[in-house]
Amino acid sequence: LIPLQQSVSPFYLRLHLQDKPGVLAGITAALGRRGISIASIHQSDTPQAHGIPVVITTHPTSQGALARALKGILALKTVSRRHTVLRMLA
(Lines give C-alpha, C1' and ligand atoms only; values in the text may rest on other atoms or scores of the structure.)
Protein backbone atom coordinates (compact mmCIF):
# COMPACT_ATOMS: atom_id res chain seq x y z
CA LEU A 1 0.00 0.00 0.00
CA ILE A 2 1.09 3.56 -0.66
CA PRO A 3 0.60 6.42 1.80
CA LEU A 4 -2.67 8.35 1.30
CA GLN A 5 -0.78 11.58 0.47
CA GLN A 6 0.82 9.77 -2.50
CA SER A 7 -2.38 8.21 -3.84
CA VAL A 8 -3.29 9.57 -7.27
CA SER A 9 -6.81 10.27 -8.51
CA PRO A 10 -8.89 13.06 -10.00
CA PHE A 11 -10.52 15.47 -7.52
CA TYR A 12 -13.71 17.53 -7.31
CA LEU A 13 -13.23 20.93 -5.69
CA ARG A 14 -16.06 23.36 -4.88
CA LEU A 15 -15.07 26.86 -3.79
CA HIS A 16 -16.91 30.11 -3.07
CA LEU A 17 -15.17 33.14 -4.57
CA GLN A 18 -15.61 36.88 -4.64
CA ASP A 19 -16.91 38.03 -8.00
CA LYS A 20 -13.88 40.11 -9.03
CA PRO A 21 -11.51 40.07 -12.02
CA GLY A 22 -8.43 37.89 -11.54
CA VAL A 23 -9.83 35.64 -8.81
CA LEU A 24 -9.84 32.54 -11.03
CA ALA A 25 -6.30 33.38 -12.14
CA GLY A 26 -5.16 33.10 -8.51
CA ILE A 27 -6.84 29.70 -8.17
CA THR A 28 -5.42 28.30 -11.40
CA ALA A 29 -1.95 29.64 -10.54
CA ALA A 30 -2.02 27.86 -7.17
CA LEU A 31 -2.99 24.60 -8.87
CA GLY A 32 -0.38 25.08 -11.60
CA ARG A 33 2.41 25.67 -9.10
CA ARG A 34 1.72 22.16 -7.75
CA GLY A 35 1.56 20.61 -11.22
CA ILE A 36 -2.20 20.07 -11.05
CA SER A 37 -4.04 20.13 -14.37
CA ILE A 38 -7.68 21.22 -14.56
CA ALA A 39 -10.08 18.84 -16.31
CA SER A 40 -13.11 21.14 -16.09
CA ILE A 41 -14.28 24.31 -14.41
CA HIS A 42 -17.78 25.72 -13.93
CA GLN A 43 -18.64 29.10 -12.44
CA SER A 44 -22.23 29.74 -11.44
CA ASP A 45 -23.71 33.14 -12.20
CA THR A 46 -25.92 33.04 -9.10
CA PRO A 47 -24.29 34.58 -6.02
CA GLN A 48 -24.78 32.78 -2.71
CA ALA A 49 -24.18 33.91 0.86
CA HIS A 50 -20.50 32.88 0.74
CA GLY A 51 -19.77 34.12 -2.79
CA ILE A 52 -19.93 32.77 -6.33
CA PRO A 53 -19.73 28.95 -6.38
CA VAL A 54 -17.04 27.50 -8.63
CA VAL A 55 -16.57 23.78 -9.28
CA ILE A 56 -13.23 22.49 -10.53
CA THR A 57 -12.39 18.92 -11.43
CA THR A 58 -8.77 17.95 -11.86
CA HIS A 59 -6.93 15.39 -13.89
CA PRO A 60 -5.34 12.69 -11.69
CA THR A 61 -2.96 14.14 -9.11
CA SER A 62 -1.65 13.17 -5.69
CA GLN A 63 -3.69 13.97 -2.62
CA GLY A 64 -0.61 15.63 -1.12
CA ALA A 65 -0.21 18.01 -4.07
CA LEU A 66 -3.88 18.94 -3.91
CA ALA A 67 -3.68 19.54 -0.15
CA ARG A 68 -0.71 21.88 -0.61
CA ALA A 69 -2.46 23.75 -3.44
CA LEU A 70 -5.66 24.02 -1.39
CA LYS A 71 -3.75 25.55 1.51
CA GLY A 72 -2.54 28.32 -0.82
CA ILE A 73 -5.99 28.76 -2.39
CA LEU A 74 -7.74 29.13 0.96
CA ALA A 75 -5.16 31.72 2.02
CA LEU A 76 -6.34 34.03 -0.78
CA LYS A 77 -8.51 36.89 0.51
CA THR A 78 -10.91 36.45 -2.40
CA VAL A 79 -11.73 32.83 -1.50
CA SER A 80 -14.15 31.80 1.24
CA ARG A 81 -12.90 29.22 3.75
CA ARG A 82 -16.06 27.23 2.97
CA HIS A 83 -15.16 24.52 0.45
CA THR A 84 -15.68 20.90 -0.54
CA VAL A 85 -13.03 18.46 -1.77
CA LEU A 86 -13.88 14.94 -2.95
CA ARG A 87 -11.57 12.29 -4.36
CA MET A 88 -13.12 10.89 -7.52
CA LEU A 89 -12.87 7.23 -8.41
CA ALA A 90 -11.46 6.78 -11.88
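Reckoned from all heavy atoms, side chains included, excluding hydrogens, waters and symmetry mates.
With hydrogens and angles disregarded, a donor-acceptor distance shorter than 3.5 Å links the side chain of Arg68 to the backbone of Gly64. Distance alone, capped at 3.5 Å, is enough to place a donor-acceptor pair between the Thr57 side chain and the Ser40 backbone. Under a 3.5 Å cut-off, the side chain of Thr84 and the backbone N or O of Arg14 do not form any donor-acceptor pair.
A heavy-atom distance below 4.5 Å is not found between the side chains of Val55 and Leu13. Counting heavy atoms from C-beta on, the side chains of Thr46 and Ile52 never come closer than 4.5 Å. For the pair His59 and Ile38, the minimum side-chain heavy-atom distance is 4.5 Å or more. Side-chain contact check for Leu24 versus Ile41: some heavy-atom pair is nearer than 4.5 Å.
Listed here is the closest heavy atom pair of Ala69 and Ala30: CB-O, 3.8 Å. Heavy-atom minimum distance, Leu74 versus His83: CD1-CE1, 3.4 Å. Between Pro60 and Val8, the closest heavy-atom pair is CB-CG1, 3.7 Å.
Once rounded to the nearest 0.5 Å, the distance linking CZ of Arg33 with CD1 of Ile73 reads 9.0 Å. Note: Leu66 CG to Lys71 NZ = 14.0 Å, rounded to the nearest 0.5 Å. We find the NE2-OG1 distance between His16 and Thr78 to be 14.0 Å, quoted to the nearest 0.5 Å. Note that CZ of Arg34 and OG1 of Thr61 are 10.5 Å apart. Values are rounded to the nearest 0.5 Å. Interatomic distance, CG of Leu15 versus CZ of Arg82, reported as 12.0 Å (0.5 Å rounding). Here CD of Gln63 is found 7.0 Å from CZ of Arg87. Values are rounded to the nearest 0.5 Å.
Among the candidates Val79, Val85, Leu31, the single residue satisfying the side chain to side chain contact (heavy atoms under 4.5 Å, CB included) test with Leu70 is Val85.
Criterion: ILVMFWY side-chain heavy atoms under 4.5 Å apart, direct or through other members. Under it, Val23 and Leu76 are part of a common hydrophobic cluster.
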